[in-house]
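Before any comments, here is the structure.
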Amino acid sequence: MPEKVAVVGAGQVGQACAFALLLRASAREIVLVDRVPERATAVATDMRYGAPLSAPVAISAGDWDDLEGADVVLVTAGVNEKQGGATDRDDPRGRLVLLEPNADVYRDVVPRIVAAAPDAVIVAVTDPPDPLADLAWSLAGHDRVLSTGTVIDTLRLRTHIAAQLEVHPSAVEGLVVGEHGTSQVILWSSVRIAGTPLEEALHLCAVEQSLEELRERVEREVRYANIAIIEGNDASQFGIGVVCARIAEAVLRDERVVLPVATRQAEHGVTIALPTVVGREGGRGVLVPSMSDEEWRDFEHSIATLRDAVAGLGIE
């Protein structure tokens with residue numbers, strides 16, 4: 001059967017998702033839907049001209065009915081961080097300031113998605129993705145809903161640690177869990193460089209800074225990476241675009257790869273990111289990593305932050 005991915009929202013993030021799907025040949029068919037049909041058509045047309053240089057992929061713009069048969073729907077529609085004023089490093093709410101306007105968008109689009117593609121896995125990409133995934137879960141009436149979680153945050157962590165140690169990011173074993181936002185939790189206690197504890201690796205790699213200095217620098221860069229990008233380029237889009245393509249691949253191929261996406265956690269009452277087995281049905285199981293006492297407290301704070309956010313959405 002053809003593998004079909006739909007992208008709802010053809011703004012900067014939606015375009016980046018579609019382009020990553022095309023370049024990686026993640027699916028055989030990509031359809032773009034936007035509230036401004038002319039924009040979706042223009043984006044799909046532009047990308048289609050480059051498609052002959054990729055593996056066979058059909059990309060087009062469509063309406064809600066064209067979501068029929070989609071295996072994965074990436075929802076990127078809504079107000080972005082710059083438009084919504086979510087770029088203040090001193091505001092502890094971070095992306096959560098976008099919840100109210102983007103919840104209205106999800107209340108509109110999710111029922112349309114479910115009507116056209118009832119069997120699709122829905123991925124909340126719009127900020128803040130975790131509470132919006134909770135809302136999508138409530139509106140969809142099924143469990144095939146997840147958010148991008150802390151996959152991009154984990155990649156940022158590995159990238160910044162690798163830069164400090166002058167090694168390739170693939171050598172860094174590290175994880176960010178919790179909210180995709182200001183209450184995210186970096187699990188420093190389990191960071192390794194090819195199996196070597198981070199503090200020991202600092203000495204072996206002749207890094208001239210202490211572990212505390214490295215942690216402070218990296219944590220600041222990871223936590224506010226989106227704002228730094230937006231200040232220079234208006235939107236954080238390309239990294240999350242590749243992340244979305246990778247999540248779509250895991251679903252389409254039933255890979256059962258473990259990624260820190262966010263799924264609904266009944267015991268916590270919210271959608272929150274933990275290492276999750278991702279396959280054809282979305283999140284298939286959750287792993288709970290080892291955490292220090294301080295990390296557990298921070299994770300519980302992240303849960304509380306998301307609970308407070310979701311409380312105002314009227315989810316039953």
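Here the structure is a predicted model, which is why all the values come from computation and not from measurement.
Within the 4.5 Å cutoff, side-chain heavy atoms of Leu146 are placed close to those of Ile247. Pro275 has its side chain out of reach of Val286: every pair of non-hydrogen atoms, C-beta onward, lies at least 4.5 Å apart.
A donor-acceptor pair under 3.5 Å links the side-chain atoms of Thr76 to the main chain of Val8, judged by distance alone. Panel note: side chain Gln15, backbone Ala10; a donor-acceptor pair is recorded below 3.5 Å. The backbone N or O of Arg297 sits nowhere less than 3.5 Å from a side-chain atom of Glu300 that would complete a donor-acceptor pair. In this structure, Lys4 contributes its side chain and Glu68 its backbone to a donor-acceptor pair below 3.5 Å. Checking side-chain atoms of Arg158 against main-chain N and O of Glu173 turns up no donor-acceptor pair under 3.5 Å. A donor-acceptor contact shorter than 3.5 Å links the side chain of Thr126 to the backbone of Ala77.
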Distance-only criterion, 3.5 Å: show the donor-acceptor pairs between side-chain atoms of residues 48-67 and protein atoms not counting sequence neighbours.
residue : atom : partner : partner atom : Å
Arg48   : NH1  : Ile59   : O            : 3.4
Ser54   : OG   : Leu22   : O            : 3.0
Asp66   : OD2  : Asp63   : N            : 2.6

Which pairs of donor and acceptor atoms, one on a side chain in residues 190-200, lie under 3.5 Å apart (sequence neighbours left out)?
residue : atom : partner : partner atom : Å
Ser190  : OG   : Leu187  : O            : 3.2
Arg192  : NH1  : Ser189  : O            : 3.3
Thr196  : OG1  : Ile193  : O            : 3.3

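Under a 4.0 Å N-O distance rule, the pair Asp134/Arg264 qualifies as a salt bridge. Under 4.0 Å is where a charged nitrogen must lie from a carboxylate oxygen, and between Glu255 and Arg246 at least one such pair does.
Rounding to the nearest 0.5 Å gives a distance of 11.5 Å between SG of Cys244 and CZ of Arg24. Here Asn226 contributes atom CG and Asp127 contributes atom CG; the two are 7.5 Å apart, rounded to the nearest 0.5 Å. Note that the CH2 atom of Trp188 and the CD atom of Glu212 stand 11.0 Å from one another [nearest 0.5 Å]. The CZ atom of Arg307 sits 9.0 Å away from atom CD1 of Ile272, with the distance rounded to the nearest 0.5 Å. Annotation: the span from His203 atom NE2 to Glu208 atom CD amounts to 12.5 Å, rounded to 0.5 Å.
Scanning for side-chain hydrogen bond (donor to acceptor under 3.5 Å, both in side chains) contacts around Arg39 gives Asp34, with sequence neighbours left out. Residues satisfying the salt bridge (Lys or Arg N to Asp or Glu O under 4.0 Å) criterion with Asp130, sequence neighbours excluded, are absent altogether. Every residue two or more places apart in sequence or in another chain that forms a side-chain contact (heavy atoms from CB on, under 4.5 Å) with Ala103 is listed here: Arg107, Leu132, Leu135, Leu313. Partners of Arg112 by side-chain hydrogen bond (donor to acceptor under 3.5 Å, both in side chains), not counting sequence neighbours, listed by chain and number: Asp108. Taking Arg284 as the reference, Asp254, Arg256, Val277, Glu281 meet the side-chain contact (heavy atoms from CB on, under 4.5 Å) condition, with sequence neighbours excluded. Every residue meeting the salt bridge (Lys or Arg N to Asp or Glu O under 4.0 Å) condition with Asp234, not counting sequence neighbours, appears here in chain and number order: Lys82. Residues meeting the side-chain contact (heavy atoms from CB on, under 4.5 Å) test with Val176, sequence neighbours left out: Thr150, Asp153, Thr154, Leu157, Gln184, Ile186. Shown here are the side-chain contact (heavy atoms from CB on, under 4.5 Å) partners of Ala133, two or more places apart in sequence or in another chain: Ala124, Val145, Ser147, Thr271. Applying the salt bridge (Lys or Arg N to Asp or Glu O under 4.0 Å) rule to Glu219 yields the partners Arg223; only residues at least two apart in sequence or on another chain are considered.
A continuous path of hydrophobic side-chain contacts links Phe19 to Val72 [ILVMFWY only; heavy atoms under 4.5 Å]. No continuous path of ILVMFWY side-chain contacts below 4.5 Å connects Val261 to Val73, so the two sit in separate hydrophobic clusters. Following chains of ILVMFWY side-chain contacts shorter than 4.5 Å, one can reach Met291 starting from Ile303, so the two form part of one hydrophobic cluster. One hydrophobic cluster, built from ILVMFWY side chains closer than 4.5 Å, cannot hold both Val243 and Phe238; they sit in different ones. Under the 4.5 Å side-chain heavy-atom criterion for ILVMFWY residues, no single connected hydrophobic cluster contains both Val185 and Val222.
Residue Ile229 is found outside any hydrophobic cluster, as its side-chain heavy atoms come under 4.5 Å of no other Ile, Leu, Val, Met, Phe, Trp or Tyr.
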Begin from the C-alpha positions of Ser302 and Glu179 and carry the test side chain to side chain donor-acceptor pair (under 3.5 Å) through to its verdict. CA-CA 6 Å; Ser302 194; Glu179 177 203 4; 4.7 Å; no
